[in-house]
**Q** 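My questions will all concern the structure given below.
The first residue of the sequence shown is numbered 1, and numbering continues consecutively from there. Here the structure is a predicted model, which means the values were calculated and not measured.
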Amino acid sequence: MKGDKEHWTRVADRWIAWARSPAHDAFWVYREGLTRFIGEGSGRALEVGCGEGRVARELKALGYRD
């Protein structure tokens, strides 16, 4: 839609801060179990999803690369 790019450019920092706030959604409930299940690695990983990249950051913290 017209104006979407301008709108999201203007509010992106606020959205990212909100999305990264612990306990705002279910991710923070299953995060620890997810990282235990995936485990440490050194290979390549592809995270296919939408959002601000929190699962990709967890994969990177576990040693995976893109």
Side-chain angles (χ1 to χ4, degrees):
M1 295 185 79
K2 189 176 180 178
D4 283 351
K5 182 177 179 179
E6 292 82 10
H7 167 75
W8 286 109
T9 298
R10 193 172 58 254
V11 300
D13 290 339
R14 287 183 279 171
W15 188 88
I16 291 169
W18 172 80
R20 291 182 181 177
S21 299
H24 95 276
D25 68 3
F27 173 76
W28 303 101
V29 174
Y30 69 76
R31 176 180 169 235
E32 188 176 322
L34 175 69
T35 57
R36 275 196 319 265
F37 176 76
I38 294 170
E40 292 184 9
S42 61
R44 297 181 79 181
L46 173 65
E47 188 261 325
V48 180
C50 67
E52 90 317 326
R54 66 183 108 171
V55 174
R57 284 192 302 277
E58 294 294 333
L59 290 168
K60 187 171 184 174
L62 288 169
Y64 294 92
R65 56 190 165 77
D66 55 1

**Q** Just say parallel, tilted or perpendicular for the rings of Y30 and F27, cut-offs at 30° and 60°.
**A** perpendicular
**Q** Specify the closest pair of heavy atoms between R14 and R10, including all atoms of both residues, with the distance to one decimal.
**A** NH2-O, 4.0 Å
**Q** Would V29 and V55 show up in the same hydrophobic cluster when neighbours are defined by side-chain heavy atoms closer than 4.5 Å?
**A** no
**Q** For L62 and I38, work out which heavy atoms get closest and say how close.
**A** CD1-CG2, 3.9 Å
**Q** How long is the gap from CG on L34 to CG on L59, to the nearest 0.5 Å?
**A** 7.5 Å
**Q** Which heavy atom of Y64 sits nearest a heavy atom of A45, and at what distance?
**A** CB-CB, 3.8 Å
**Q** Do you know the tightest heavy-atom contact between W18 and H24?
**A** CZ2-CD2, 3.3 Å
**Q** If every non-hydrogen atom of S21 is compared with every non-hydrogen atom of W28, which pair is closest and at what distance?
**A** O-NE1, 3.3 Å
**Q** Could you tell me if the side chain of R57 sits less than 4.5 Å from the side chain of R54, heavy atoms only?
**A** yes
**Q** Ignoring hydrogens, what is the shortest heavy-atom contact between D66 and R44? Give both atom names and the distance.
**A** O-NE, 3.5 Å
